[in-house]
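See structure below.
Naming convention: chains lettered A, B, ... in sequence-line order (proteins, then strands); numbering from 1 in each chain. Note that these values count all heavy atoms, side chains included, but never hydrogens, waters or copies made by symmetry.
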There are 2 protein chains.
Amino acid sequence: MNARIIPPSTSSSRPTESELDILRVLWDRGASTVREVHETLYADDGAGYTTVLKLLQIMHGKGLVVRDEAQRAHVYRAAVSRQRTQKRFLADLVARVFDGSSSQLVLQALGEGPRASKAELRQIRELLDRIDTQAKRS
Amino acid sequence: MNARIIPPSTSSSRPTESELDILRVLWDRGASTVREVHETLYADDGAGYTTVLKLLQIMHGKGLVVRDEAQRAHVYRAAVSRQRTQKRFLADLVARVFDGSSSQLVLQALGEGPRASKAELRQIRELLDRIDTQAKRS
DNA sequence: CGTTGTCAACGAAAAGTTTCGTATGTTTTC
DNA sequence: GAAAACATACGAAACTTTTCGTTGACAACG
């Protein structure tokens with residue numbers, strides 16, 4: 001019936017929670033078979049093998065992963081970068097709970113778990129400096 | 001101390017997307033009736049009145065909102081603060097897509113939309129200073 | 001061989017979320 | 001007071017996401 005216009009498989013949509021779990025594995029391990037993903041995820045998650053398979057198939061349909069079918073056991077690779085996904089989720093979060101203010105988010109993130117190391121703090125300062133310089137020059 | 005053992009309806013769980021939409025309205029407007037929430041949300045969202053009502057009832061069950069039933073039209077209030085919710089989502093995001101590194105998130109957030117004003121940047125620097133001082137003193 | 005193990009592909013159940021129709025009771029209006 | 005307007009509550013449909021059972025193919029092993 002409804003031949004679903006374009007949105008479904010076109011570009012990469014926002015990953016669901018489970019999809020994200022799998023993307024994490026692919027980002028960490030690199031290209032992997034279903035079995036490898038399943039075994040990596042099994043420690044925490046109790047999902048069955050076919051669940052992971054199905055998820056990867058769905059993700060393939062959505063364009064979130066690409067796969068190499070050369071071998072019998074297909075090899076999956078993330079089609080969206082971690083950074084791109086971070087950006088997407090970040091933008092979403094800022095819009096949805098930080099009232100559009102990303103600096104609010106930064107303050108909150110820094111204020112909470114003071115888990116930032118010295119090096120990281122320095123990195124952040126450097127970025128701030130760079131932003132200032134840029135602002136002055138324009 | 002903490003007598004809350006039962007997770008389901010006891011404490012505030014992570015709000016769903018629609019629930020978040022409603023919480024935003026309550027945070028912005030303060031305590032509101034179903035009708036008020038519905039009208040505020042109607043501009044963008046096409047949800048019907050009873051949909052909003054149902055959502056608020058569910059949220060009430062989950063402890064995300066409290067309500068005053070003194071009047072015929074019950075008045076709902078957010079039971080979780082914006083800040084607390086920000087914290088929760090932030091922690092989730094850091095864990096799920098930033099590999100546990102909140103400074104990674106900060107860098108990404110600052111690096112992207114340079115929508116931070118001068119005042120905000122200064123605020124961020126001040127917080128960094130405070131963190132440094134604290135670190136030295138401990 | 002034939003038995004056993006591994007794999008992709010479905011389909012569909014199960015679980016979670018969102019939406020609304022309907023019932024029912026209470027105010028407000030004429 | 002009867003009609004209209006407005007309120008809560010509920011049940012269940014409509015969607016979405018997650019999970020798994022089953023099937024058929026193929027390879028590895030004995």
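Using a 4.0 Å heavy-atom distance criterion, B/Thr16 is classed as a sugar-phosphate-only contact. Within the 4.0 angstrom heavy-atom criterion, no nucleotide atom of any strand lies near A/Glu69. Residue contacts shown for A/Glu19 are absent, as no nucleic acid heavy atom lies under 4.0 Å away. Within 4.0 Å of B/Ser18, counting heavy atoms only, lie sugar-phosphate atoms of the nucleic acid but no base atom. B/Thr51 comes within 4.0 angstrom of a nucleotide base, judged by non-hydrogen atoms across all strands.
Protein atom CG of A/Leu55 is 15 Å distant from nucleotide atom P of C/dA9, rounded to whole Å. For the pair A/Ile58 CD1 and C/dA8 C1', the interatomic distance rounds to 14 Å; values are reported in whole Å. In this structure, the CE atom of A/Met59 is 15 Å from the P atom of C/dA8, given to the nearest Å. With rounding to whole Å, B/Gln57 atom CD is found 15 Å from C/dT18 atom P. The CG atom of B/Leu41 sits 10 Å away from the P atom of C/dT19 (whole-angstrom rounding). If you take NE2 of A/His38 and P of D/dC20, they are 9 Å apart, rounded to a whole angstrom. Distance, A/Arg14 CZ to D/dT16 P: 14 Å, rounded to whole Å. Atom C1' of nucleotide C/dT28 and atom CD of B/Gln71 are separated by 15 Å, given to the nearest angstrom.
Ranked by how close their nearest DNA chain D nucleotide is to the 5' end, B/Arg72 and B/Tyr76 are led by B/Arg72. Of the two residues contacting DNA chain C, namely A/Lys54 and A/Val75, the nearest-nucleotide position lying further toward the 5' end is that of A/Val75.
Using a 4.5 Å heavy-atom threshold, the side chains of B/Ser103 and B/Phe98 count as separate. A 4.5 Å side-chain heavy-atom check between B/Met59 and B/Tyr76 finds every atom pair outside the cut-off.
At a cut-off of 3.5 angstrom, counting only N and O atoms as typed in the model, there is no donor on one side facing an acceptor on the other between the side-chain of A/Arg35 and the base of C/dT6.
The pair B/Arg125-A/Asp132 meets the salt-bridge criterion, since a charged nitrogen lies less than 4.0 angstrom from a carboxylate oxygen.
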Worked verdict on A/His60 versus A/His74 for side-chain contact (heavy atoms from CB on, under 4.5 Å): CA-CA 12 Å; A/His60 181 242; A/His74 300 172; over 6 Å; no
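The phosphate of D/dG21 has neither OP1 nor OP2 within less than 4.0 Å of any side-chain N or O from A/Tyr49.
In this structure, the nucleotide among D/dA9, D/dC26, D/dT19 sitting nearest to the side chain of B/Thr50 is D/dA9.
For the side-chain contact (heavy atoms from CB on, under 4.5 Å) with B/Ile22, the qualifying choice from B/Val65, B/Leu64, B/Leu56, B/Ile58 is B/Leu56, the only one to do so.
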